[in-house]
Each structure stands twice: as structure tokens, then as C-alpha cells.
Amino acid sequence: VAVPKYRYHPQSVAKAQEAVTAAEAAAKVAADELNQQTAAVASLPAEKKSEGEQKLTELTMKKQSADMALQAASNLLKSVTERANPRDTAEIVISEPITIRVQP
């Protein structure tokens, strides 16, 4: 009996890491835009605040979707990394031919 280490799809870990990096960058950009808009709305005159608040709401939704994408990418990376960890796989080597019959 041989017990080798086996990894399932180790190349998918790099792709998942790239997806997490891209999602982190998108979330950072969305957060920066939201912070800039928040500061801009604070300095707007009263008659233009409704436009600024509407834009602020849109940017908040954009940031939330970017955060959800980041969470999904992180979960994918975790599951892919877990699957790619080396595992012991038992391989049974038989030196003589055998016949296996299954009776109903």
C-alpha cells in the first residue's frame, strides 16, 4: 500500500488570489470615492444637498457591492486553498490479478 500526497487543482489558488487582490482594489477605490463624496456633500450649499446625497447613496451601494464581491472572493480563496492542501491518498497495489464479483 502506497500513501502519496495529492493536491487538487493547485493552480486555482493563484487565480483566486488574483481575484481577491482585484476585489480589494475595487473595494478601496469605492471607499475612497465614498469618503470624497461625503466630504463634498458636507461642503455643499443647502439647495444642492439632495443631488449630493443621491450620489452618496449610489456610492454607498457601490461600496457595499464591492465589499460583498471581496467577501465572495475571500470565501472562494479559502475553499480553493483548502481543496489544494496536500492530502494522503491511499493507493492499493495488487501484484496478482483478482476478480471482484458483486452479488445482488
Side-chain angles (χ1 to χ4, degrees):
V1 176
V3 183
K5 298 281 187 185
Y6 187 76
R7 295 181 67 176
Y8 293 93
H9 306 290
Q11 69 278 8
S12 61
V13 174
K15 292 178 185 176
Q17 286 174 337
E18 290 172 7
V20 168
T21 303
E24 285 174 345
K28 185 177 183 320
V29 167
D32 290 343
E33 287 177 358
L34 183 62
N35 290 339
Q36 290 174 356
Q37 186 65 25
T38 303
V41 166
S43 65
L44 283 176
E47 46 292 333
K48 292 188 178 183
K49 279 210 184 231
S50 65
E51 292 175 15
E53 288 175 352
Q54 183 179 7
K55 179 77 173 169
L56 190 64
T57 304
E58 291 173 8
L59 288 174
T60 302
M61 301 258 273
K62 183 179 176 183
K63 183 182 179 317
Q64 287 175 348
S65 66
D67 288 342
M68 288 190 297
L70 176 60
Q71 184 64 36
S74 297
N75 290 342
L76 177 67
L77 176 63
K78 182 179 176 183
S79 67
V80 166
T81 303
E82 189 174 300
R83 274 186 270 142
N85 283 340
R87 292 191 178 96
D88 292 339
T89 304
E91 293 181 1
I92 300 171
V93 179
I94 301 172
S95 60
E96 297 178 11
I98 61 170
T99 304
I100 300 174
R101 293 192 179 117
V102 178
Q103 300 291 327

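The shown structure was predicted, so the numbers you read here are calculated from the model rather than taken from an experiment. Basis for what follows: all heavy atoms, side chains included, without hydrogens, waters or symmetry-related copies.
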Atom pair [atom1] ([X]) and [atom2] ([Y]), whose distance is rounded to the nearest 0.5 Å:
X	Y	atom1	atom2	answer
Glu18	Thr21	CD	OG1	7.5 Å
Leu59	Gln54	CG	CD	11.0 Å
Thr60	Glu58	OG1	CD	9.5 Å
Lys48	Glu53	NZ	CD	14.5 Å
Lys55	Leu34	NZ	CG	11.0 Å

Solution key, residues 66-77 side-chain donor-acceptor pairs under 3.5 Å, sequence neighbours excluded:
| from | atom 1 | to | atom 2 | distance (Å) |
| --- | --- | --- | --- | --- |
| Asp67 | OD2 | Lys63 | NZ | 2.8 |
| Gln71 | NE2 | Asn75 | OD1 | 3.3 |
| Ser74 | OG | Leu70 | O | 3.0 |
| Asn75 | ND2 | Gln71 | O | 3.4 |

Fill in: Non-neighbouring partners of Glu33 that pass salt bridge (charged side-chain N to carboxylate O under 4.0 Å, His left out), sequence neighbours left out
Lys62
Discussion item. Please check if the number of heavy atoms outside Gln11 that lie under 6.0 Å from its CD is greater than 12.
Written reply: yes
Discussion item. Under the rule for side chain to side chain donor-acceptor pair (under 3.5 Å), what residues qualify as partners of Lys49, not counting sequence neighbours?
Written reply: none
